[in-house]
Asker: 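What follows is a structure written as structure tokens; I'll ask about it next.
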Amino acid sequence: MSDVAERLEELRDRGLYRRLRLISGPQGPRVLLNGRPVLLLCSNNYLGLADHPKVRGAAAEAAMRWGAGAGASRLVSGSMEPHRRLESQLAEFKGYEAALLFGSGYLANSGVIAALAGSGQVVFSDELNHASIVDGCRLSRAETFVYRHGDLEHLAWGLEQADGCGALIVSDGVFSMDGDVAPLPELLELARRHDCRLMVDEAHATGALGRDGRGAVAAAGLSGEVDIVVGTLGKALGSYGAYVCANAETVDLLLNTARPFIFSTAPPPPSVAAASAALELISPHRVERLQANADRFRSALAAEGLEAGRSRTQIIPIEVGEAEPTMALCERLLERGVFAQGIRPPTVPAGSSRLRLTVMATHRVGELERAAKLVGGAARELGLVAPQPLTA
Ligand SMILES: Cc1ncc(COP(=O)(O)O)c(C=O)c1O
């Protein structure tokens with residue numbers, strides 16, 4: 001057996017083998033999976049903008065006007081108008097002096113952390129931060145102090161130990177696998193007290209929290225105060241790519257030193273134009289609809305005896321524990337027309353595999369309530385929750 005085959009076998013043995021599932025059609029509330037209709041409960045197309053006609057139209061028009069690709073890094077072959085326009089829209093939306101586009105959220109996080117911290121310095125990172133932040137910390141060559149999830153005392157202790165060498169505190173704004181919100185005012189206070197920068201990843205907060213979906217930083221009244229805000233175009237903005245907002249000087253430094261900006265082709269014009277159109281479509285109505293759907297779905301799940309942990313947002317985890325029963329639940333739900341992806345290590349810590357359910361503003365309340373019953377029923381059949389008491 002080759003070493004590659006052995007590694008694949010080991011993944012299968014541990015219940016961690018992954019495969020792609022083929023769907024037809026765009027990321028709407030319902031998709032065809034292997035030709036069968038299913039309710040899609042695991043997409044990050046939170047506001048339903050990826051399949052909005054105006055967003056698709058903007059992408060198509062940009063493809064005709066600017067072409068399919070950006071040709072090179074913007075520092076090499078020139079910066080196109082759609083990129084400049086989206087950057088000024090995003091800076092205004094987020095309340096910052098400047099913004100800079102990156103190829104993806106993964107590239108933005110890894111590049112920004114490595115540009116702002118280095119050897120001899122310390123980065124402070126929440127233990128549940130996204131993998132791209134973890135990799136950014138590794139790339140930076142700074143020492144990383146991983147503080148317990150949301151534990152401000154642990155963080156404060158780490159900052160004191162760092163004795164002035166702290167460069168950056170970094171946190172998800174909304175945690176991607178738990179749907180809870182970081183304690184941003186307290187993080188900022190600690191950053192200021194210890195003369196560190198604060199960087200917040202708004203991947204799951206943009207479009208979901210704050211006035212008109214401006215994000216967790218805006219919801220906390222900290223726009224322009226948090227030093228660096230990162231976000232993706234790939235979730236509520238329905239496209240692909242990412243951005244960083246900061247003051248003009250910091251953005252200039254990133255343009256000059258962030259390696260994924262310098263050494264990677266700029267995001268394609270159709271994706272950039274699609275995100276511009278999506279930004280214009282974000283409205284209080286859509287954001288409220290998303291929040292109301294999330295609240296209704298959480299309550300319907302709770303009525304089935306399924307608690308969503310710390311979730312306060314559209315990301316609703318149902319923790320199962322081990323990988324195999326999590327995937328058994330996922331498969332059973334697929335048979336019944338619900339696509340709710342099972343999430344396993346290393347995406348989540350060992351022993352905390354879960355269904356990560358995500359709602360969209362475009363789901364109907366009735367279908368979410370039916371889905372909650374199906375999740376509850378399947379979980380009970382598999383012995384993952386206690387049977388429901390009989391009601392009189
Ligand atoms: C918190 C967080 N940050 C960053 C990313 C990466 O963003 P992108 O998909 O644009 O690479 C993700 C995506 O899964 C995420 O959940």
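When a residue number appears, it is its place in the shown sequence, counting from 1. Whatever order the structure lists ligands and atoms in, that order sets their numbers, starting from 1.
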Asker: Tell me whether Gly105 has any N or O atom under 3.5 angstrom from an N or O of ligand 1.
Answerer: yes

Asker: Does the pair Phe297 and His363 meet the rule for a ring-ring contact (aromatic ring centres under 6.0 Å, His included), with working shown?
Answerer: CA-CA 10 Å; Phe297 195 37; His363 280 125; 7.8 Å; no

Asker: Any donor and acceptor pair, going by atom type alone, linking the side chain of Ser239 with main-chain N or O of Ser271 inside 3.5 Å?
Answerer: yes

Asker: State plainly whether the residues Glu81 and Arg85 are in salt-bridge range, i.e. N to O under 4.0 Å.
Answerer: no

Asker: Hey, is Arg364 close enough to Glu367 for a salt bridge, meaning N to O under 4.0 Å?
Answerer: yes

Asker: Considering non-hydrogen atoms of the protein only, which is the closest contact for atom 16 (O) of ligand 1, and what is the distance?
Answerer: His204 NE2, 2.6 Å

Asker: To check your reading of the model: name the closest protein heavy atom to atom 4 (C) of ligand 1, its residue, and the distance in Å.
Answerer: Asp201 OD2, 3.4 Å

Asker: Where's the contact between Ala242 and ligand 1, heavy-atom distance under 4.0 Å: side chain, backbone, both or neither?
Answerer: neither

Asker: What class does the angle between the rings of Phe175 and His149 fall in, given that below 30° is parallel, 30 to 60° is tilted and above 60° is perpendicular?
Answerer: perpendicular

Asker: To the nearest 0.1 Å, how far is atom 11 (O) of ligand 1 from its closest protein heavy atom, and which atom is that?
Answerer: Tyr106 N, 2.9 Å

Asker: From atom 12 (C) of ligand 1, work out which of His130, Glu202, Met177 has a heavy atom at the shortest distance.
Answerer: His130

Asker: Would you say Gly234 touches ligand 1, if touching means a heavy atom closer than 4.0 Å?
Answerer: no

Asker: Considering only heavy atoms of Ala203, which atoms of ligand 1 have at least one such atom less than 4.0 Å away?
Answerer: 1 (C), 2 (C), 3 (N), 15 (C)

Asker: Please write down residue, atom name and distance for the protein heavy atom closest to atom 13 (C) of ligand 1.
Answerer: Lys235 NZ, 2.7 Å

Asker: Flag the pair Arg310 and Asp180 as a salt bridge only when some basic side-chain nitrogen lies within less than 4.0 angstrom of an acidic carboxylate oxygen.
Answerer: yes

Asker: Would you indicate whether the side-chain heavy atoms of Gln341 and Leu355 approach each other to under 4.5 Å?
Answerer: no

Asker: Can you list the atoms of ligand 1 that are under 4.0 Å from a heavy atom of Asp172?
Answerer: 1 (C)

Asker: Are Asp178 and Arg354 ion-paired here, with the side-chain N under 4.0 Å from a carboxylate O?
Answerer: yes

Asker: Which part of Asn109 is near ligand 1, with near meaning a heavy atom under 4.0 Å away: side chain, backbone, both or neither?
Answerer: side chain

